[in-house]
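So the structure is just underneath, and the comments pick up after that.
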Amino acid sequence: MKQSHLFTKTKKEVPKDEASKNAQLLIKAGFIYKEMAGVYAYLPLGLRVLEKIKQIVREEMDAIGGQEFIMTAIQRKELWEKTDRWSDDTVDVWFKSALKNGTEIGFGWSHEEPITDLMKQYLTSYRDLPTYVYQFQTKLRNELRAKSGIMRGREFIMKDMYSYSLNAEQHQKFYDEVIAAYLKVFARVGLEKETYVTFAAGGAFTQFSHEFQTITDAGEDVIYVNREKHIAINEEVLSDTVLKELGVTMDELEKVKTAEVGNIFNFGTVKCEQLGLSIVDTEGKSIPVHLGSYGIGITRLMGVLVEHFSDDKGIVWPEEVAPFQVHLVSLCKEPSDIEKADTLYAILQTSGIEVLYDDRDARPGEKFADSDLIGIPLRIVVSPRSLENNQVEFKYRKSGEEKLVSYMEVMKEM
RNA sequence: CGGAGUGUAGCUCAGUUGGCUAGAGCACCUGGUUUGGGACCAGGGGGUCGAAGGUUCAAGUCCUUUCACUCCGACCA
């Protein structure tokens, strides 16, 4: 991608109505645009990062047998009435509307109900289980107060996965596989050390649910962690009884602020009973199905990444999620030098490397400042100065390390 | 939803006890000089001062209503 053609530019100043670091940096660097409170558009750079995160999640969900599909954003009232989650008293984040004929509809803030209802047409026998499906959906939640930039929006992208299992053992096996898969996801995006599987309030079906909490000051949750035993407990369930059960004492725990990047729930058979999803077992008897629900906030995760991977100059993307792998910055003025930069751009591209090529007619200082702000892991500078010796400069965004590389051997160094 | 604050150019902001043609910096356009960490000079375009109503000879400024945004709290399957 030539930067001279890239839609949106960086800004020197940030809008004053943004206080969170993630939104400030992402707006300043041209990744997102704020439509209104808690509602953001993703511009080309931001979209590339989102797609990178989604692809990592997709690979890990596929690896444990998930199948991707996509449900509808518009949902039927009757399904949610069956599980007593239609009323604004029980669910206060509903966006609701009505069809022209007066039929009430809701906009999806979650999808257990419609997916389970859909499954009634496809799951009929024990032979059909287990079944795992997932989607990347734009969820709509009428939050009383949006905050923290893209970390808590009214419109956001979530990966939600649903498991339909024959019995408790089959469910538990997959549940554990999801925990492992989620940990892989968070490790791949670079948040391995900061992310904890956390015991949290379980709702009506189990004693605990598991939350995936990433340590960040921008978070909204407070949890207690033991880094050595790798145990984490959400403040909301902390009690003497729970401590005893988990075999830790209060003085072993450290209080930290976190953001919930993932959450998994066991609904038991209750929801399938409410919605009438049952299958026939080996003896021909009709039995209800076990449901599990597993979410990762894709856009929130992007926000957490920016909060965590940034410095005073801008964003420092981990390689796996960076919008481009290489930022090729040309300081060339002479046609013969420009041709060399163009050639290098072509070589990198044909080698399958994602390159943002700063071919703009701008001063070096501006280009470097933009490059730091955008935060691509490797910067390659092509300038008359280094071309004199047939060299280009490598600079790594994270470490700041610099080195000269022979023009002919750039590909060997990648 | 309770409390506090802010709305003036695309962005950041100034604008005195109401006063005459509403300003600056950044960004943008033209020309020139520059060129390794967000350059400089000259010129230029861009505004229903969040909106509606009111007071007044006169409103960005005062009054009323309203909308939006931010922060703190509450909420957060």
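Letters go in sequence order (proteins before strands), and every chain restarts at 1.
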Write down the distance separating the C1' atoms in A77(B) and G2(B), rounded off to the nearest Å. 25 Å
Please measure how far the C1' atom in G15(B) lies from the corresponding atom in C20(B), and state the result in whole Å. 15 Å
Taking A77(B), G73(B), U70(B) as options, the one with an atom nearest any side-chain atom of F265(A) is A77(B)
Just N and O in the side chain of R152(A): are any of them under 4.0 Å from OP1 or OP2 of C75(B)? no
In whole angstroms, how far is the P atom of A74(B) from the CD atom of E220(A)? 11 Å
When the P atoms of U64(B) and U55(B) are compared, how many Å lie between them, rounded to an integer? 15 Å
Just checking K367(A): base, sugar-phosphate only, or nothing, at a heavy-atom cut-off of under 4.0 Å? nothing
Identify whether any heavy atom of S371(A) sits under 4.0 Å from a base atom; if not, whether one sits that close to sugar-phosphate; answer base, sugar-phosphate or nothing. nothing
Value rounded to 0.5 Å, distance of CE in M161(A) from CD in E60(A): 10.5 Å
What integer number of Å spans the P atoms of A68(B) and G44(B)? 40 Å
Nearest heavy atom decides the nucleotide; on that basis, is T10(A) or W80(A) closer to the 5' end of RNA chain B? T10(A)
Between A4(B) and A59(B), how far apart are the two C1' atoms, rounded to whole Å? 27 Å
Span that lies between the P atom of C13(B) and that of U17(B), in whole angstrom: 22 Å
Taking a pair as Watson-Crick or G-U wobble with both distances under 3.5 Å, which nucleotide is matched to G18(B)? none
For the P atoms, the ones on C63(B) and on G19(B), what distance do you get once it is rounded to whole angstrom? 15 Å
Given A39(B), is OP1 or OP2 found less than 4.0 Å from the side-chain N or O atoms of R363(A)? yes
Between atom CD in E211(A) and atom P in A77(B), what is the gap in whole Å? 8 Å
Can you tell me the Watson-Crick or wobble partner of A68(B), both distances under 3.5 angstrom? U6(B)
Return yes if the base of G25(B) and the side-chain atoms of E13(A) contain a donor-acceptor N/O pair under 3.5 Å, otherwise no. yes
Just call it for V91(A): base, sugar-phosphate, or nothing, with non-hydrogen atoms closer than 4.0 Å on any strand. base
Within the modelled atom types, does a donor on one side and an acceptor on the other bring the side chain of K28(A) and the base of G38(B) under 3.5 Å apart? no
Would you kindly give the CD1-to-C1' distance between I374(A) and G37(B), to the nearest whole Å? 15 Å
Contact under 4.0 Å: K34(A) side-chain N or O vs U70(B) OP1/OP2: yes
Judged by each residue's nearest nucleotide on RNA chain B, which is more toward the 5′ side, G38(A) or R385(A)? R385(A)
Return the CZ to CD distance between F95(A) and Q75(A), rounded to the nearest 0.5 Å. 13.0 Å
Using 30° and 60° as the class boundaries, would you call the ring planes of W94(A) and W80(A) parallel, tilted or perpendicular? perpendicular
Between K12(A) and U12(B), is there a contact of a side-chain N or O with OP1 or OP2 at under 4.0 Å? no
Could one point to a donor on the side chain of D370(A) or the base of G38(B) with an acceptor on the other under 3.5 Å away? yes
Can you figure out which of U70(B), U35(B), A77(B) approaches the side chain of A19(A) most closely? U70(B)
Is a side-chain donor or acceptor of N167(A) paired with a backbone partner of Q170(A) at a separation under 3.5 angstrom? yes
Mind checking if E402(A) touches a base, just sugar-phosphate, or nothing, with heavy atoms under 4.0 Å? nothing
So that I know where these two stand, are Y196(A) and H230(A) an aromatic pair - ring centroids less than 6.0 Å apart? yes
Would you say R141(A) reaches A77(B)'s phosphate, i.e. side-chain N/O to OP1/OP2 under 4.0 Å? no
How many whole angstroms separate atom NZ of K147(A) from atom P of U70(B)? 12 Å
Tell me which nucleotide, if any, is Watson-Crick or G-U wobble paired with G23(B) when both distances must be under 3.5 Å. C13(B)
Nearest to the side chain of P364(A), which nucleotide is it out of U35(B), C72(B), A77(B)? U35(B)
Determine, for W317(A) and K398(A), whether the Lys NZ or Arg CZ falls below 6.0 Å from the six-membered ring centre while staying within 45 degrees of the axis. no
Looking only at side-chain atoms of K16(A), point me to the closest of G73(B), G38(B), U12(B). U12(B)
Assert yes or no for the condition that the ring centre distance of Y294(A) to F174(A) is strictly below 6.0 Å. yes
Find the partner of C62(B): check Watson-Crick (N1-N3 plus N6-O4 or O6-N4) and G-U wobble (N1-O2, O6-N3) distances, both under 3.5 Å, and reply none if neither fits. G54(B)
For H290(A), does its backbone N or O pair with a side-chain atom of K271(A) as donor and acceptor, under 3.5 Å? no
Can you tell which of U70(B), G38(B), U35(B) lies closest to the side chain of K333(A)? U35(B)
In whole angstrom, what separates D372(A)'s CG from G37(B)'s C1'? 8 Å
For U30(B), give the paired nucleotide (Watson-Crick: N1-N3 plus N6-O4 or O6-N4; G-U: N1-O2 and O6-N3; both under 3.5 Å), or none. A42(B)
If you look at every strand shown and take non-hydrogen atoms under 4.0 Å, does R379(A) touch a base, only sugar-phosphate, or nothing? base
What is the distance, rounded to the nearest whole Å, between atom CG of L331(A) and atom P of G37(B)? 10 Å
base_contact_polar (A77(B) base, R85(A) side chain, donor-acceptor, <3.5 Å): yes
Taking atom C1' of C11(B) as reference, at what distance in whole Å does atom CD of E18(A) sit? 13 Å
Ionic contact status for K120(A) with D117(A), cut-off 4.0 Å: yes
Separation of the P atoms in G45(B) and G25(B), to the nearest angstrom: 15 Å
Find the distance L144(A):CG to C71(B):P and express it as a whole number of Å. 15 Å
